[in-house]
Q: 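What follows is a single structure, and I will ask about it in a moment.
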Amino acid sequence: MNFRLKSWNVFSWTAMRGGLFRLENDFTAIWTDNGGEEYRFEFRRGLVWDGASVPKIFRWYLPNIDEMNLPYTLAGLVHDFCYGSECLSKDLADDLFRGTMRDAGIPRRKASFAEWLVEHFAKSHYGKKNDRHGIRFYGKMERGW
């Protein structure tokens with residue numbers, strides 16, 4: 001499925017130890033799928049995530065976070081939320097990640113590489129049992145509201 005980032009509010013974060021980031025304000029973001037259905041995500045201040053989860057060896061090619069490109073940073077945040085909350089299936093969460101990367105202006109080759117990294121390095125992190133930072137308690141998703 002293809003997703004497009006429709007709208008989002010400005011958000012900010014603070015870098016923490018261990019490559020983690022903490023959301024500093026509440027905000028909302030909305031995506032649409034290729035069928036026109038909308039997905040509204042609300043995130044609360046205090047949410048902790050690890051950026052786009054890019055292994056250090058590949059950060060010369062893709063950063064973990066991009067302060068100048070909020071949609072890029074949002075791709076990692078929403079993906080981590082979907083994995084920790086199970087609000088979408090793993091496949092839909094990965095599609096949402098790839099679509100958001102493309103909406104952030106990331107070239108197709110880099111977005112495909114980012115998706116490959118997710119498929120090979122993050123797949124074991126899907127599910128509430130792997131939500132070490134309680135990300136699922138800091139947001140919600142409504143579909144077709």
Side-chain angles (χ1 to χ4, degrees), residues 1-16 18-55 58-59 62-145:
M1 181 166 302
N2 294 318
F3 287 92
R4 300 287 306 183
L5 180 57
K6 182 177 178 180
S7 65
W8 69 94
N9 301 105
V10 173
F11 61 99
S12 61
W13 61 89
T14 301
M16 300 170 54
L20 299 173
F21 304 91
R22 182 179 48 243
L23 187 61
E24 293 300 322
N25 62 292
D26 299 347
F27 79 99
T28 301
I30 300 171
W31 283 262
T32 57
D33 65 20
N34 52 346
E37 188 165 14
E38 292 190 343
Y39 299 72
R40 177 188 176 102
F41 287 81
E42 294 179 9
F43 301 105
R44 288 195 346 264
R45 180 179 185 267
L47 179 150
V48 174
W49 83 106
D50 65 357
S53 304
V54 178
F58 299 118
R59 289 191 190 155
L62 280 171
N64 203 27
I65 239 173
D66 187 342
E67 294 180 15
M68 304 309 289
N69 188 342
L70 288 181
Y72 180 90
T73 299
L74 180 54
L77 188 155
V78 73
H79 189 257
D80 283 5
F81 177 77
C82 289
Y83 266 44
S85 69
E86 299 179 21
C87 65
L88 294 176
S89 70
K90 182 193 169 311
D91 288 339
L92 285 179
D94 293 349
D95 290 347
L96 183 68
F97 176 72
R98 183 186 61 247
T100 308
M101 295 287 280
R102 293 291 293 136
D103 287 337
I106 303 304
R108 186 172 306 278
R109 178 177 288 161
K110 283 187 176 187
S112 295
F113 180 66
E115 184 181 22
W116 180 84
L117 288 172
V118 164
E119 288 175 8
H120 289 84
F121 293 101
K123 65 183 173 186
S124 65
H125 296 285
Y126 181 82
K128 293 178 183 174
K129 68 183 182 302
N130 296 311
D131 183 16
R132 295 188 322 249
H133 307 294
I135 197 170
R136 69 182 178 275
F137 301 116
Y138 286 89
K140 69 178 184 176
M141 188 272 291
E142 295 174 309
R143 190 174 180 168
W145 74 100

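Bear in mind the structure is a predicted one, so any value in this text is a computation, not a measurement.
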Q: Between Trp13 and Phe11, what is the ring plane arrangement, given parallel below 30°, perpendicular above 60°, and tilted in between?
A: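 Tilted.
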
Q: Under 4.0 Å between a side-chain nitrogen and a carboxylate oxygen: does that hold for Lys128 and Asp131?
A: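 Answer for the salt bridge query: no.
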
Q: When you measure from the side chain of Asp95 to the backbone of Met1, do you find a donor-acceptor pair of N or O atoms at a distance under 3.5 Å?
A: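 Answer holds: yes.
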
Q: Could you walk me through whether Asp94 and Lys90 pass the salt bridge (Lys or Arg N to Asp or Glu O under 4.0 Å) test, one step at a time?
A: CA-CA 6 Å; Asp94 293 349; Lys90 182 193 169 311; 2.6 Å; yes

Q: Do the numbers put Arg44 on top of the ring of Tyr138, so that NZ or CZ is under 6.0 Å from the six-membered ring centre and no more than 45° off the axis?
A: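 Yes.
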
Q: Under 4.5 Å between any side-chain heavy atoms of Glu142 and Glu42, yes or no?
A: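 Glu142 reaches Glu42 side chain to side chain.
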
Q: How many angstroms lie between CG in Leu77 and CG in Leu70, if you round to the nearest 0.5 Å?
A: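 So the CG of Leu77 and the CG of Leu70 are separated by 11.0 Å.
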
Q: Can you check whether Glu38 reaches Thr32 side chain to side chain, under 4.5 Å on heavy atoms?
A: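 Heavy-atom side-chain distance check passes, below 4.5 Å.
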
Q: In this structure, are over 12 heavy atoms from other groups packed under 6.0 Å from Arg59 atom CZ?
A: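 Yes, the 6.0 Å shell around CZ holds more than 12 heavy atoms from other groups.
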
Q: When you look at Phe43 and Phe81, which way does the ring pair (Phe, Tyr, Trp, His ring centres under 6.0 Å) test go after all the steps?
A: CA-CA 9 Å; Phe43 301 105; Phe81 177 77; 5.5 Å; yes

Q: Looking only at the side chains, is there a donor atom on one of Glu24 and Ser12 sitting less than 3.5 Å from an acceptor on the other?
A: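 There is no such pair (donor and acceptor under 3.5 Å, judged by atom type) between the side chains of Glu24 and Ser12.
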
Q: I'd like to know whether Trp8 forms a side-chain contact (heavy atoms from CB on, under 4.5 Å) with Thr100, so could you lay out the CA-CA distance, the side-chain angles of the two residues, the decisive distance to 0.1 Å, and finally the verdict.
A: CA-CA 12 Å; Trp8 69 94; Thr100 308; over 6 Å; no

Q: Could you state the interatomic distance from CG (Leu47) to CZ (Phe137), rounded to the nearest 0.5 Å?
A: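 Going from CG on Leu47 over to CZ on Phe137, the span is 12.0 Å.
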
Q: Just do the side-chain contact (heavy atoms from CB on, under 4.5 Å) check on Arg102 and Leu5 with the steps written out, would you?
A: CA-CA 9 Å; Arg102 293 291 293 136; Leu5 180 57; over 6 Å; no

Q: Under the side-chain contact (heavy atoms from CB on, under 4.5 Å) rule, what do Asn64 and Phe21 come out as? Steps first, then yes or no, please.
A: CA-CA 10 Å; Asn64 203 27; Phe21 304 91; 3.9 Å; yes

Q: Is the backbone of Thr28 close enough, under 3.5 Å, to the side chain of Asn9 for a donor and an acceptor to pair up by distance?
A: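 Answer holds: yes.
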
Q: Can you give me the closest heavy-atom contact between Ala29 and Leu74, atom names plus distance?
A: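 Heavy atoms of Ala29 and Leu74 come nearest at CB-CD2, 4.0 Å.
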
Q: Identify the heavy atoms of Tyr126 and Lys129 that sit nearest to each other, and give their distance.
A: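 Minimum heavy-atom separation between Tyr126 and Lys129: O-NZ, 4.0 Å.
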
Q: Locate the shortest heavy-atom distance separating Tyr83 from Val118; write the atom from each residue and the value.
A: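 What the structure gives for the nearest pair is OH-CG1, 3.6 Å.
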
Q: Are the side chains of Phe113 and Val54 in contact, using a 4.5 Å heavy-atom criterion?
A: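 No; the side chains remain at least 4.5 Å from each other.
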
Q: Are any side-chain N or O atoms of Asp66 and backbone N or O atoms of Thr73, one a donor and one an acceptor, separated by less than 3.5 Å?
A: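 No, because the side chain of Asp66 does not come within donor-acceptor range (under 3.5 Å) of the backbone of Thr73.
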
Q: Run through Val78, Leu20, Leu23 and flag the one making a side-chain contact (heavy atoms from CB on, under 4.5 Å) with Trp49.
A: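 Exactly one pass, corresponding to Leu23.
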
Q: Closest approach of Val48 and Ile135, non-hydrogen atoms and distance?
A: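 Heavy-atom minimum between the residues: O-CD1, 3.8 Å.
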
Q: If I compare all heavy atoms of Leu62 with all of Ala114, which pair ends up nearest, and what's the gap?
A: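 Looks like CD1-CB, 3.7 Å.
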
Q: For Leu92 and Leu88, work out which heavy atoms get closest and say how close.
A: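 Looking at all heavy atoms of both residues, the shortest contact is CB-CB, 4.1 Å.
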
Q: Taking the side chain as C-beta and beyond, is there a heavy-atom pair between Cys82 and Phe97 under 4.5 Å?
A: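 A side-chain contact is absent here, since even the closest heavy-atom pair is not under 4.5 Å.
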
Q: Just checking, is any N or O donor in the side chain of Tyr39 or Asp33 under 3.5 Å from an acceptor N or O on the other one?
A: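 There is such a pair (donor and acceptor under 3.5 Å, judged by atom type) between the side chains of Tyr39 and Asp33.
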
Q: Please determine whether side-chain contact (heavy atoms from CB on, under 4.5 Å) holds for the pair Asp103 and Arg4, giving the CA-CA distance in whole Å, both sets of side-chain angles, and the decisive distance to 0.1 Å.
A: CA-CA 7 Å; Asp103 287 337; Arg4 300 287 306 183; 2.8 Å; yes

Q: Is there a side-chain contact between Lys110 and Met101 in this structure, where contact means two heavy atoms from C-beta onward sitting under 4.5 Å apart?
A: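 Side chain of Lys110 against side chain of Met101, heavy atoms only: no contact under 4.5 Å found.
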
